[in-house]
Number of protein chains: 2
Amino acid sequence: MATPNGQDASCCIPLTAAPITPDDATELSRKFKALADPTRVRLLSLVAAHEGGEACVCDITEPVGLSQPTVSHHLKILVEAGLLGREQRGTWAFYSVVPGALGHLSDVLRDPTARDAQNLVTT
Amino acid sequence: MATPNGQDASCCIPLTAAPITPDDATELSRKFKALADPTRVRLLSLVAAHEGGEACVCDITEPVGLSQPTVSHHLKILVEAGLLGREQRGTWAFYSVVPGALGHLSDVLRDPTARDAQNLVTT
DNA sequence: CTTCTAGATAGACAACCGTCGATGGAGGAC
DNA sequence: GTCCTCCATCGACGGTTGTCTATCTAGAAG
């Protein structure tokens, strides 16, 4: 919500490389806050893994076992955090993962001292 | 807290690859909850970027501008989430990032469909 | 028009969270 | 022993959050 493309100042520097600025910490924590609930983690996963990478509310309400307003509420939080996008088609609202949003968080959390997971392509 | 080494069931599968189980979602969200506060993000970053990769409470209380009990409270939450470790040496308590803890989260958030950040070495 | 369905919004309530000041406890210096 | 420093814990306070039911809007079908 800070910038149109969602790429703000804390875009590339791992958390562990240098002390993060207060502003960047606030912005980062807003995204983690969206992931700080088991239901929202499940919703994000359900949407991402759904056919075509998108899902409507009716597709995911029953799996999580909560009321429809509660699911809408959680989806709104994920959208406002910039993790999900919403597209209305007719009566249905389709949600999908914003490209690069999770990758951004993944990069920030990457530990520069651990040389395991990210160097798969060496040689 | 679930297992000694902190590597639980949600260890390697990206969130977006398949629907996460409710238990894994709960476990994951507990770690994100620890990062869902700007102060804790800053503390984690300050500890990681501090000389030797460790810091005592007195090193990081003044930078965040909060009372010492509040800082201790946040550090405890980060420890209980398995992100920080604590070692007492004399009067001082030294905190350091648990090796692999952030990398684990980074892997879970990695988007398998986005071939940008991790494949910089192509061509 | 009416009716049905998908979804968002509003309001309420209990539970949780971040912060503080005050206190307690363990080492080190003397 | 006394004193001081570093840090954890306690209790309290206001603000936020997750969930519900009830209601509202918008589109599709008749």
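Every chain is numbered from 1 and lettered A, B, ... according to where its sequence line falls, protein lines coming before strand lines.
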*asked:* Less than 4.0 angstrom between a side-chain N/O of B:Arg40 and OP1 or OP2 of C:dG18, yes or no?
replied: yes
*Nearest whole angstrom, please: distance from the P of C:dG18 to the CG of B:Leu43.*
12 Å
*Would you indicate whether the side-chain heavy atoms of B:Arg89 and B:Glu54 approach each other to under 4.5 Å?*
yes
*So which heavy atom on B:Val57 is nearest to which on B:Tyr95, and how close?*
CG2-CE1, 3.8 Å
*asked:* Quick one, A:Leu44 with A:Val97, criterion side chain to side chain contact (heavy atoms under 4.5 Å, CB included). Give me CA distance, side-chain angles, the key distance, then yes/no.
replied: CA-CA 7 Å; A:Leu44 191 72; A:Val97 178; 4.3 Å; yes
*Where do A:Val98 and A:Gly85 come nearest, in terms of heavy atoms and distance?*
CG2-N, 3.7 Å
*What's the verdict on side chain to side chain contact (heavy atoms under 4.5 Å, CB included) for B:Ile13 and B:Val108, showing C-alpha distance, side-chain angles and the deciding distance?*
CA-CA 6 Å; B:Ile13 307 172; B:Val108 173; over 6 Å; no
*Reckon A:Tyr95 touches a base, only the sugar-phosphate, or nothing at all at heavy-atom distances under 4.0 Å?*
sugar-phosphate
*Supply the atom-to-atom distance A:Arg42 CZ to A:Asp37 CG, rounded to the nearest 0.5 angstrom.*
11.0 Å
*Figure out the CG/P separation between A:Leu75 and C:dA8, and round it to whole Å.*
7 Å
*What's the spacing between A:Thr39 OG1 and A:Ile60 CD1 if we round to 0.5 Å?*
11.0 Å
*To the nearest 0.5 angstrom, please state how far the CZ atom of A:Arg110 sits from the OG atom of A:Ser106.*
5.0 Å
*Contact boundaries of DNA chain D with chain A (under 4.0 Å, heavy atoms), 5' to 3'?*
D:dT17 to D:dA28
*Starting at the 5' end of nucleotides 19-30 of chain C, put B wherever the base has a protein heavy atom under 4.0 Å, S where only the sugar-phosphate does, and a dash everywhere else.*
BBBB----SS--
*asked:* If I take atom CD in residue A:Glu62 and atom P in nucleotide C:dA6, what distance separates them, rounded to the nearest angstrom?
replied: 14 Å
